[in-house]
S.K.: 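Have a look at this one.
In this text, all values refer to a predicted model and were calculated from it rather than measured experimentally.
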Amino acid sequence: LFVISVRQNFYIYILFVVTVYMGKGLPTGSIAPLSKLQSFSGEEIDLLDFRGKKNLVIFFYPKAFTPGCSLENVLFARNYYKFTGLDTEVIGVSGDDMETQEKFATCYNLPFTLCCDTKREAAKDFEIGKDFFGLVGSRITFVINKAGVIVEKYHGAIIMKAHVQAALKAVEKIEGRSASDLPTPLYVDNSNSTTLTEESSPSQSTSIDDGSV
């Protein structure tokens with residue numbers, strides 16, 4: 001019975017690993033797809049319009065208003081000025097509808113565009129699967145340079161700060177300069193939420209504004 005139990009647990013573990021890591025986005029070095037995204041205002045965002053003009057950070061998150069996704073969006077908002085100062089635009093994408101995305105952007109005073117991928121067309125373009133046995137949309141961030149090449153990809157469901165740090169570090173490398181000298185405008189989170197905290201912090205050299213004093 002012990003042998004059977006161990007064997008069953010082993011198969012369950014293998015299934016879990018395969019499920020969690022399958023379909024986790026186009027690899028670095030790939031040419032980013034020319035997806036056409038729809039913002040919550042109904043505006044069409046054509047990724048081709050950024051080619052040769054700006055770098056792009058596109059982060060896919062599972063669901064608006066959940067604690068992790070709220071924190072991730074607020075962290076990108078707090079550091080948005082660093083990305084724009086490095087000639088980079090930020091776009092958030094989830095499967096939420098237009099009404100939900102608009103409320104989410106307003107609630108957290110998000111300065112960047114949120115797009116609706118209700119049919120998962122953009123997720124399929126970027127070859128993004130789902131996490132945890134297909135139950136939850138993946139949390140994955142892509143950094144695309146002006147030539148349209150994916151130069152960084154970060155996939156992780158737990159540490160939100162790491163997405164922003166990885167993206168900013170990649171953009172600094174693209175532009176050949178640091179964001180540390182850029183002016184820091186005031187960001188106000190409209191939600192007055194006290195739940196947007198993150199205990200663990202990854203050990204990366206790139207410093208971001210995480211709201212701590």
Side-chain angles (χ1 to χ4, degrees), residues 16-26 32-33 35-45 47 56-80 83 89-144 153-167 187-200 202 208 210-211:
F16 174 79
V17 170
V18 170
T19 304
V20 168
Y21 286 96
M22 69 185 295
K24 289 301 164 280
L26 292 169
S35 302
K36 293 184 178 181
L37 309 173
Q38 184 182 49
S39 73
F40 64 76
S41 65
E43 178 187 3
E44 183 179 84
I45 309 296
L47 298 189
L56 269 178
V57 171
I58 301 179
F59 68 100
F60 289 80
Y61 58 96
K63 190 171 180 60
F65 290 110
T66 55
C69 295
S70 297
L71 174 60
E72 182 181 19
N73 274 268
V74 166
L75 288 174
F76 269 112
R78 286 175 179 157
N79 293 275
Y80 181 62
F83 289 103
E89 191 51 66
V90 177
I91 299 174
V93 183
S94 77
D96 297 289
D97 59 29
M98 295 170 66
E99 182 180 0
T100 302
Q101 292 286 53
E102 182 175 14
K103 290 179 179 179
F104 188 48
T106 301
C107 176
Y108 290 106
N109 194 27
L110 303 177
F112 45 80
T113 300
L114 293 184
C115 291
C116 310
D117 192 29
T118 54
K119 296 182 179 179
R120 301 196 74 252
E121 293 176 347
K124 291 175 183 176
D125 288 345
F126 281 85
E127 299 184 5
I128 299 174
K130 288 188 174 183
D131 285 339
F132 304 110
F133 301 98
L135 299 176
V136 181
S138 293
R139 188 184 310 282
I140 185 167
T141 298
F142 295 93
V143 179
I144 304 168
K153 178 184 71 172
Y154 187 86
H155 168 245
I158 300 175
I159 303 178
M160 309 307 149
K161 185 185 295 186
H163 285 262
V164 184
Q165 286 180 315
Y187 166 74
V188 179
D189 166 14
N190 290 341
S191 71
N192 294 319
S193 174
T194 59
T195 62
L196 299 180
T197 59
E198 188 168 77
E199 295 283 337
S200 49
I208 66 167
D210 60 2

S.K.: Which class fits the ring pair Y108 and F65: parallel under 30°, tilted 30 to 60°, perpendicular over 60°?
M.R.: tilted

S.K.: Is any side-chain heavy atom of T113 less than 4.5 Å from a side-chain heavy atom of L37?
M.R.: no

S.K.: Could you give the distance from CD (E89) to CG (L47), rounded to the nearest 0.5 Å?
M.R.: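 Atom-to-atom, E89:CD and L47:CG are 11.5 Å apart.
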
S.K.: Can you tell if the side chain of S35 reaches within under 4.5 Å of the side chain of E121, non-hydrogen atoms only?
M.R.: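 Answer no - side chains too far apart.
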
S.K.: Would you check if F142 and I128 make a side-chain contact, meaning some heavy-atom pair closer than 4.5 Å?
M.R.: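 Heavy-atom side-chain distance check passes, below 4.5 Å.
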
S.K.: In Å and rounded to the nearest 0.5 Å, what is the NZ to NZ distance from K24 to K153?
M.R.: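 Nearest 0.5 Å value for the NZ-NZ distance: 9.5 Å.
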
S.K.: Enumerate the salt bridge (Lys or Arg N to Asp or Glu O under 4.0 Å) contacts for residues 101-111, please, sequence neighbours excluded, ordered by first and then second residue.
M.R.: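 Sorted result for residues 101-111: E99-K103.
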
S.K.: Can you tell me how far apart CD (Q38) and SG (C116) are? Round to the nearest 0.5 Å.
M.R.: 6.0 Å

S.K.: Identify the two heavy atoms, one from N73 and one from F104, that lie closest to each other, and give their separation to 0.1 Å.
M.R.: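 Nearest heavy atoms, N73 then F104: ND2-CE2, 3.4 Å.
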
S.K.: Have a look at V57 and tell me which of I91, I144, V143 forms a side chain to side chain contact (heavy atoms under 4.5 Å, CB included) with it.
M.R.: V143

S.K.: Mind checking the CZ-OG1 spacing from R139 to T66? Nearest 0.5 Å is all I need.
M.R.: 6.0 Å

S.K.: Excluding sequence neighbours, so at least two apart, what forms ring pair (Phe, Tyr, Trp, His ring centres under 6.0 Å) with F59?
M.R.: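 In terms of ring pair (Phe, Tyr, Trp, His ring centres under 6.0 Å), with neighbours along the sequence ignored, F59 is linked to Y61, F76, F112.
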
S.K.: When you measure from the side chain of S94 to the backbone N and O of D96, does any donor-acceptor pair fall under 3.5 Å?
M.R.: yes

S.K.: Out of curiosity, E127 CD to D125 CG, how far, rounded to the nearest 0.5 Å?
M.R.: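 Going from the CD atom of E127 to the CG atom of D125 covers 9.5 Å.
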
S.K.: Taking side chain as C-beta onward, heavy atoms only, is S39 less than 4.5 Å from Q101?
M.R.: no

S.K.: Taking the side chain as every heavy atom from C-beta outward, state whether E72 and L75 have any atom pair closer than 4.5 Å.
M.R.: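 Not touching, per the 4.5 Å side-chain cut-off.
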
S.K.: Which heavy atom of D97 sits nearest a heavy atom of T118, and at what distance?
M.R.: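 Smallest interatomic distance, heavy atoms only, reads CA-CG2, 3.9 Å.
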
S.K.: Working to the nearest 0.5 Å, report the span between SG of C115 and CZ of F60.
M.R.: 9.0 Å

S.K.: Looking at every non-hydrogen atom in both residues, tell me the closest pair between A77 and P111 and how far apart they are.
M.R.: CB-CD, 3.5 Å

